[in-house]
Amino acid sequence: MSNGSFEPRLVGFLCNWCSYTGADLAGTARMVYAPNIRIIRVMCSGRVDSQFVLKAFREGADGVLISGCHPGDCHYQEGNYKALRRYKLLVRMLEQLGIEKERCRLAWVSASEGARFQQIVNEFTDQIRRLGPLNFRFDGGSHEQA
Amino acid sequence: MITVTIDGKKIQVEEGTTILKASEKLDIKIPTLCYHPLIEPYAACRVCLVEVNLKGKTELMTSCNTKVQEGMEIQTASPRALQSRRLNVEMLLARAPAAEPVQRLARDLGIEKPRFPIKDPTEKCILCGLCVRACEQVVGACAISFIDRGIERKVMPPFGEPSEACIGCTACAHFCPTGAISYEDKYGRKVIHEELYLGPSTAIRVPIRQAVPMVPFIDEKACIHFKTGNCQLCAKVCERQAINHEMEDEIVEIEVGSIIMATGFKPFDARRIPAYGYGRLPNVITALEFEHLVNASGPTGGKILMTNGQEPKSVGIVHCVGSRDEHYNEYCSRICCMYSLKFAHLIKEKTEADIYDFYIDMRCFGKGYEEFYHRLLEEGTKFIRGRVAEITDLALTKEEEGKLIIRVEDTLLGVVRRVPVDMVILATGIEPSVDHNQIAKIFNISCSQDMFFLERHPKLAPVSSFSDGIFLAGCCQGPKDIPDTVAQAGAAAAEALALADKGVFALEPVTAEINEELCSGCQICVGLCPFNAITYDREKDISIVNDALCKGCGTCVAACPSGAAQQRHFRDKQIMAEIEGILLL
């Protein structure tokens, strides 16, 4: 498999109020971004359990994006700060597990930032593409594509 | 109490009463000039002289400042008093022959012409100093005083120049007994000297002519009472006693069910585009200034005049100032095209001027707007398509001299033009209000990229914000004209009413719940909840979610070590399944 044909699979956990709306805006505004990301809506980035991220990697994701409101803008006042705290611990653990910390990214995207969402997804996709596939499936299988 | 006799009538008055006040009680009139009940008497004019007999001693005394004493016998019109009064008035008349009250007094006392030489037949000032005392005692400004001595004496501000201490209150003119100080009604207020036109305005005033409610307010920064503790003239003359200087701004807390944000906008500051010369070149004005100028109750009474007081022969209207420009605001402010057309129409109606309208695109989107544009085209307004590059007073040819030159690329002709005009109106756009960000923070409202408040959905919830019960109306949500604002405000009011009318509020069903059997009572969730919706039940040793307080963020669920906390519709199982599902392929 060459790097050129590797298409990473990304999972995005987006908060309902800012990032998901921002992604929606990117969609309604017909902004084109990498189709590699698969989005899961949560009410708040604070809802993102570290287990979700691990689960995603286990199920074959090459990268995970957690996205919430900008600091101070959280619909639930401080859920994004909780997400930040968890993220800091999580990336340390990921490294211990042998997963590059670059594979998990936390980004703030507001509801009006469709263009920013587009840019972040494109950047993140490129980054993971450079890192290559994770091959972390516990059943030993790989998701290499023909 | 003190008993005195005035013109043969006995009266009892309180100690400290002046002869003048005691006479007033008996309805005996003593003529005065320099006396005013609000100001300490000074006895400058000597017109109120009366003959007083006390303990056998007879004296002439000024009644305005002489206090009564027990046993005084007062004659207000004795031959001796009258003779002295006549002489005094004769001298006053010689000094101020144009002062009407002095002329009247002279007539009453039988003086036809003063025997003394008249220096200035137009003089009205009798140098009584009532104005000086009013300015000092009543107003507390101390802006005027006597200067020079003897025959050179006069009342003036220091060095005869407009004083910085003067607040333009015109109290001096009001107190002046002879009308020697004049003022004009201009700019919607009293103007005492030309140079103070744009100085501090009168402290108590109606904000604008069209203000609703039409009630004056006190500008604390300009009010002399808040500087010296004096004055309060307004309160003294208000018959309804409606003025209270003790009142203060206060913060009132009101509990409400819903909030409609209608915090408006601020006009784009044209100074930010130096090439347009606003604030530097005379006769370059903003749209709001033109609106003020053309208003029938404005400074010129609705006449369109330049700073030199003449009507312009040509006017340029520059569209999109601060709008549709990536250096300032990318968005269209939506109102400028139409008000610019209105301006062009008004100028056509009121003057003979040639009108040049510089536009990028004509955006006449509303009902009847396009028709209005066509009317303007027929009226002869010259429309030039192109963004104005610069406005300058640097003339290149003779006919450009003394004019403002608008440099613009005419994109329809494909040439760069220089259009000389007398007056330029900048059609400034709309920007979010000054404290927009603070307001957004307080109410937890998101802003869109242009920094206006973001509606929940452009089509399905155009007046709702992301916070339940907070609605948006008007320019705080985005630039819009009056009809659109009224429509949106109506919708916001209806939404708020609908909430109030229902009396019940539907909660999002995504709240958290705690499985009693799995909960270990560790209380991690309790500290994490931003809404204090989780409490710890000591007896059962478990945490309990209050459904009414829980907003459903799920932070507690993500933190629960035993998996006892779950979020409805966002259960761990559901999300895990979602992850599996989207990664299947």
Side-chain angles (χ1 to χ4, degrees), chain A residues 9-13 15-18 21-22 24-25 28-29 37-62 64 66 68-70 72-83 85-86 110-116 137 143 145, chain B residues 437 440-441 444-459 465-468 508-512 524 527-533 550-561 563 565-585:
Chain A
R9 297 204 286 177
L10 310 175
V11 174
F13 294 99
C15 102
N16 179 57
W17 303 100
C18 292
T21 319
D24 198 29
L25 180 69
T28 50
I37 194 159
R38 292 127 205 242
I39 293 169
I40 292 177
R41 178 175 74 106
V42 286
M43 290 309 282
C44 177
S45 53
R47 172 70 183 93
V48 180
D49 196 326
S50 304
Q51 291 181 74
F52 296 168
V53 180
L54 296 172
K55 169 84 172 173
F57 283 130
R58 196 180 93 155
E59 294 298 327
D62 300 304
V64 175
I66 304 166
C69 310
H70 284 274
D73 282 354
C74 178
H75 186 77
Y76 301 107
Q77 292 173 17
E78 50 196 33
N80 49 356
Y81 296 139
K82 309 282 162 56
R85 266 153 59 171
R86 268 181 213 133
S110 84
S112 62
E113 293 176 327
R116 182 175 153 86
R137 287 188 79 129
H143 67 294
Q145 284 155 6
Chain B
N437 283 333
K441 277 256 151 36
N444 204 358
I445 299 175
S446 318
C447 293
S448 45
Q449 208 133 28
D450 50 18
M451 293 317 288
F452 290 100
F453 291 154
L454 185 67
E455 67 284 353
R456 201 182 193 126
H457 191 283
K459 289 171 191 160
S465 73
F466 280 101
S467 301
D468 293 321
E508 289 277 342
V510 293
T511 50
I524 286 176
L528 281 175
C529 182
F531 305 102
N532 297 324
C550 176
K551 295 265 197 298
C553 64
T555 300
C556 56
V557 184
C560 182
Q566 286 299 328
Q567 185 181 11
R568 295 185 181 96
H569 302 281
F570 289 90
R571 289 172 197 283
D572 285 348
K573 241 165 80 184
Q574 290 172 308
I575 293 178
M576 292 296 192
E578 246 182 290
I579 297 170
E580 281 170 26
I582 59 168
L583 288 170
L584 261 183
L585 288 173

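As the structure is a prediction and not an experimental result, all values here were calculated from the model. All chains are named by letter (A, B, ...) in the order of the sequence lines, taking the proteins before the strands, and each is independently numbered beginning at 1.
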- Note on the structure: The interface call for A/Val48 against chain B, heavy-atom contacts under 4.5 Å, is backbone

- Go through B/Gln567 and A/Val42 one step at a time and tell me if the side-chain contact (heavy atoms from CB on, under 4.5 Å) criterion holds. CA-CA 10 Å; B/Gln567 185 181 11; A/Val42 286; over 6 Å; no

- Item | Backbone of A/Glu59 reached by a side-chain donor or acceptor of B/Glu580 within 3.5 Å | no

- Item | Under 4.5 Å from a heavy atom of chain B, the part of A/Cys74 involved | backbone

- What part of A/Lys82 is in contact with chain B, defined as an atom under 4.5 angstrom from a non-hydrogen atom: side chain, backbone, both or neither? side chain

- Item | chain A contact via B/Ala440 - which portion, at a heavy-atom distance below 4.5 Å | neither

- Message: If I measure from the heavy atoms of chain A, does B/Val510 come under 4.5 Å with its side chain, its backbone, both, or neither?
- Response: side chain

- Query: Tell me, side chain or backbone of B/Asp450 under 4.5 Å from chain A's heavy atoms, or both, or neither?
  - Reply: neither

- Query: Can you tell me if B/Thr511 uses its side chain to pair, donor with acceptor, with the backbone of B/Lys551 under 3.5 Å?
  - Reply: no

- Query: Does A/Arg38 use its side chain to pair, donor to acceptor, with the backbone of B/Leu583 at less than 3.5 Å?
  - Reply: no

- Query: Taking atom types as modelled and ignoring hydrogens, do the side chains of B/Ser467 and B/Ser465 form a donor-acceptor contact shorter than 3.5 angstrom?
  - Reply: no

- Query: Side chain, backbone, both or neither: which part of A/Ser45 has a heavy atom under 4.5 Å from chain B?
  - Reply: neither

- Message: Can you tell me which portion of B/Cys447 sits under 4.5 Å from chain A's heavy atoms? Options are side chain, backbone, both or neither.
- Response: backbone

- Message: Using heavy-atom distances under 4.5 Å, tell me whether B/Leu454 contacts chain A through its side chain, its backbone, both, or neither.
- Response: side chain

- Measure distances from B/Leu528 to the heavy atoms of chain A and classify the residue's part below 4.5 Å as side chain, backbone, both or neither. both

- For A/Cys44 and B/Cys553, the nearest pair of non-hydrogen atoms, with its separation, is CB-O, 3.4 Å

- Query: What residue, out of A/Phe13, A/Phe52, A/Trp17, A/Tyr76, has the most heavy-atom pairs lying under 4.5 Å from chain B?
  - Reply: A/Tyr76

- Report the residues that fulfil ring pair (Phe, Tyr, Trp, His ring centres under 6.0 Å) with B/Phe453, sequence neighbours left out, ordered by chain and then residue number. B/His436

- Message: Using the rule given for side-chain contact (heavy atoms from CB on, under 4.5 Å), can you reason through B/Met576 versus A/Gln51, listing the C-alpha separation, both sets of side-chain angles and the distance that settles it, and then say yes or no?
- Response: CA-CA 9 Å; B/Met576 292 296 192; A/Gln51 291 181 74; 3.9 Å; yes

- Item | Largest heavy-atom contact set with chain B, pairs under 4.5 Å, which of A/His70, A/Arg86, A/Glu113, A/Glu78 | A/Arg86

- Looking at A/Gly114, A/Gly46, A/Ala115, A/Gly72, which has the largest count of heavy-atom pairs under 4.5 Å with chain B? A/Gly46

- Minimum heavy-atom distance B/Val557-B/Ala565, with the two atoms named: CG1-O, 3.3 Å

